[in-house]
Amino acid sequence: MAVPAHDTRDLEFASKFDIPIRWVVMPDDRNLSGSGKAYSGEGTVVNSSNSTVGLDINGLSSKEAASKVIEWADKTANGKKKVNYKLRDWLYARQRYWGEPIPVVFLDDNGETVPLLETELPLTLPELDDFSPTGTGEPPLSKSVSWVKTKDPLTGKPARRETSTMPQWAGSCWYYLRFMDPKNSKEVVAKTKEMYWSPVDVYVGGAEHAVLHLLYSRFWHKVLYDIGIVSTKEPFKCVINQGIILGEVQYIAYKDSDGNFISVDSGTSVEYHQELIPEEKVMKSGDSFVMKDNPNICLIARSHKMSKSRGNVVNPDDVVSEYGADSLRLYEMFMGPLRDSKTWNTSGIEGVHRFLGRTWRLIVGSPLSDGTFKDGTLVTDEDPTLEQLRSLHKCIAKVTEEIEATRFNTGISAMMEFLNVAYKWKKHPRLIIEAFVLLLSPYAPHMAEELWFRLGHSKSLAYEPFPKVDPAFLKESTIVLPVQINGKTRGTIQVEETCSEENAFQLASRDEKLSKYLNGKVIKKRIFVPGKILNVILDLQNVKATV
């Protein structure tokens, strides 16, 4: 860069060969200029004028100087302001059959590259019976000789098509735009639809996508913005990186050369080899895992990313076959927050599977002797109680909040809590149960859809609005009221906020702890402050005889 005062490598080179080091950007902290180190930060420009070309940027800030140089270069035709995009390590061509064919041809006589006319697009792949590698380095498309040999669309000269294909990024970088207008055969996306739907609300992908698909799609989108195809500078409003699901925990023990187990925390220098221990032979002890038959042997507990080489891959088809798709889906969300990495545990599916089973039985009923269920449901058409409405809307509030925050696991916990409460009710009103089924539907869509039809609906619940919370039912209407006997607090009672003095006294009289102070006593007076306190003044003679 030839600026040794502001580039580390230039400074090293200049110092070694005694080349003068001239500062052109002076930092605000002048002590930095005497540090002997290269300064690459912002500052005030110095030693930067040239009367011959009419440019003087001395005294300007770094940013102001850069803008003035660009303006000068544009004005004097020495340069032009533009935005440069740069992608590293993007090998665009793929030597395989699958992929979009690259719409160019190469002239036979001089090898010139000629793009196809827009009227000849899209270029489609030829049908091939054998698209395996050729073994010669030529891509599989080279096998379709009749497709490869073609003519230049403008001159009619003999030409040859490109036999490499585009990478998967070529299509996936902008597929979100086609989702907005998938049947449009005239343009990428209609302007009105693009302006309505863009930008995408949420992009969910693994952390590895940050330098792959996310990077490429943003690059692609910015090019489309510059040429006026899209109306937004960025394609996505929000990016969420979901965590990795690790394989099941593996427990490892150390064994010495004689086959004796060694505790991993022993600190011994004896040579050992590792041995996997089955989960059923392991137990937890404090923060460590030990062998059940010898708790003195501490083990290593470790999880790895699922891979075939480690043999810890879980086949989802097997899980679906045993527990159903909804149980698998629910367990994946119940394992922990979406953004966190989580350890797979097949036995953990049992819990969410039981939850779905309990939900089904609450609404449909217990199975018949042959294992089948009666048609319809057990719901009633009567109005729900205040207690039931409060339980429902508390659940709606929590599930809605957790979905928006992508904390699906705690949303499921809220539904489990609701189910526990609902099992204590003698009757289950339709209004309550239908709302709960709608809450469940994003988590367990298959079962929720079946329940919806059993509840008497003929259309899919996918078209139903998601339940909305009514804040009126979130407000707690009961309070804890302290009860005093002759000015000394003897206990508390749970009362409604609007509870009268008489009702409060009756509740206190029936309370197991307070009744012994009140039953059979002569009461001089009662002091009641609504929502604050109940003070019962007894006859002192009677109090002395019993207390």
Side-chain angles (χ1 to χ4, degrees), residues 80-106 113-118 120-125 131 133 137-142 161-245 305-307 338-341 406:
K80 187 176 181 181
K81 181 179 180 180
K82 62 180 292 187
V83 178
N84 291 318
Y85 298 101
K86 182 180 179 182
L87 287 182
R88 298 179 62 185
D89 302 324
W90 190 359
L91 179 62
Y92 196 76
R94 296 290 189 270
Q95 287 68 54
R96 61 189 180 204
Y97 173 74
W98 304 111
E100 298 88 346
I102 300 173
V104 297
V105 297
F106 306 100
T113 304
V114 179
L116 293 184
L117 298 176
E118 192 170 338
E120 296 189 339
L121 300 179
L123 176 62
T124 57
L125 291 169
F131 41 80
E138 285 288 318
L141 276 179
S142 62
R161 295 191 193 277
E162 171 62 66
T163 52
S164 293
T165 55
M166 300 184 198
Q168 66 269 34
W169 310 112
S172 65
C173 279
W174 58 281
Y175 67 91
Y176 57 92
L177 294 173
R178 287 301 289 176
F179 284 149
M180 300 174 189
D181 195 9
K183 297 182 180 180
N184 193 331
S185 59
K186 297 181 180 179
E187 53 191 339
V188 172
V189 58
K191 204 71 176 176
T192 53
K193 293 184 177 181
E194 185 275 327
M195 294 182 71
Y196 176 82
W197 288 107
S198 288
V200 174
D201 293 286
V202 181
Y203 173 109
V204 181
E208 69 275 10
H209 288 95
V211 291
L212 293 173
H213 184 267
L214 177 60
L215 174 67
Y216 295 144
S217 58
R218 290 185 65 219
F219 170 83
W220 210 269
H221 191 91
K222 288 178 181 295
V223 172
L224 294 175
Y225 175 78
D226 284 350
I227 62 177
I229 300 296
V230 296
S231 61
T232 62
K233 288 187 176 181
E234 289 287 348
F236 315 116
K237 281 185 181 179
C238 169
V239 174
I240 296 176
N241 294 132
Q242 85 272 23
I244 297 172
I245 295 183
K305 185 177 180 180
M306 289 189 186
S307 66
L338 178 64
R339 292 173 171 84
D340 293 355
S341 292
T406 65

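Heavy atoms only: backbone and side chains are in, while hydrogens, waters and symmetry mates are out.
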| With sequence neighbours excluded, what pairs up with T113 under the side chain to side chain contact (heavy atoms under 4.5 Å, CB included) test? |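 Only V104, F106 meet the side chain to side chain contact (heavy atoms under 4.5 Å, CB included) criterion with T113.
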
| said: Could you work out, with side chain to side chain contact (heavy atoms under 4.5 Å, CB included) as the rule, every residue matching V239, not counting sequence neighbours? | reply: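 Expected list: Y203, L214, N241.
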
Using every non-hydrogen atom in the two residues, find where [X] and [Y] come nearest and quote the distance to one decimal.
X: I244; Y: K305; value: CG2-CG, 4.0 Å
X: E194; Y: M180; value: CA-SD, 4.0 Å
X: C173; Y: Y216; value: SG-CB, 3.4 Å
X: I229; Y: K191; value: O-NZ, 3.6 Å
X: G99; Y: L125; value: O-CD1, 3.4 Å

| Are S172 and Q168 close enough that a side-chain donor and a side-chain acceptor fall under 3.5 Å? |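 No, no side-chain donor-acceptor pair sits under 3.5 Å.
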
Any side-chain heavy atom of [X] within less than 4.5 Å of one from [Y]?
X: E234; Y: P199; value: no
X: E118; Y: P103; value: no
X: R161; Y: L123; value: yes
X: I240; Y: R339; value: yes
X: F236; Y: V202; value: no
X: N184; Y: V189; value: no
X: L177; Y: L224; value: yes
X: E162; Y: P101; value: no

| query | How far does OG of S198 sit from NZ of K237, to the nearest 0.5 angstrom? | reply |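 Answer rounded to 0.5 Å: 10.0 Å.
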
| field | Rounded distance (nearest 0.5 Å) linking atom OG1 of T232 with atom NZ of K222 | value |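 The NZ atom of K222 is 9.0 Å from OG1 of T232, to the nearest 0.5 Å.
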
| With sequence neighbours excluded, residues passing ring-ring contact (aromatic ring centres under 6.0 Å, His included) with Y196 |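 Y196 satisfies ring-ring contact (aromatic ring centres under 6.0 Å, His included) with no other residue.
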
| query | Sub-3.5 Å donor-acceptor pair from the side chain of T165 to the main-chain atoms of R96, do we have one? | reply |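 Side chain of T165 to backbone of R96: a pair is present.
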
| request: Output yes when a side-chain donor or acceptor of H221 lies under 3.5 Å from a complementary backbone atom of V230, and no otherwise. | output: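 Not a single qualifying donor-acceptor pair exists.
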
| said: Students often mix this up, so state it plainly: with edges at 30° and 60°, are the rings of W220 and Y92 parallel, tilted or perpendicular? | reply: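 Parallel: the ring planes of W220 and Y92 meet at under 30°.
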
| Parallel under 30°, tilted from 30 to 60°, perpendicular over 60°: which one fits the rings of W98 and F131? |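 W98 vs F131 ring planes: perpendicular.
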
| query | Which of these, Q95, R94, E138, sits in a side chain to side chain donor-acceptor pair (under 3.5 Å) with S164? | reply |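 Output: one option passes, namely Q95.
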
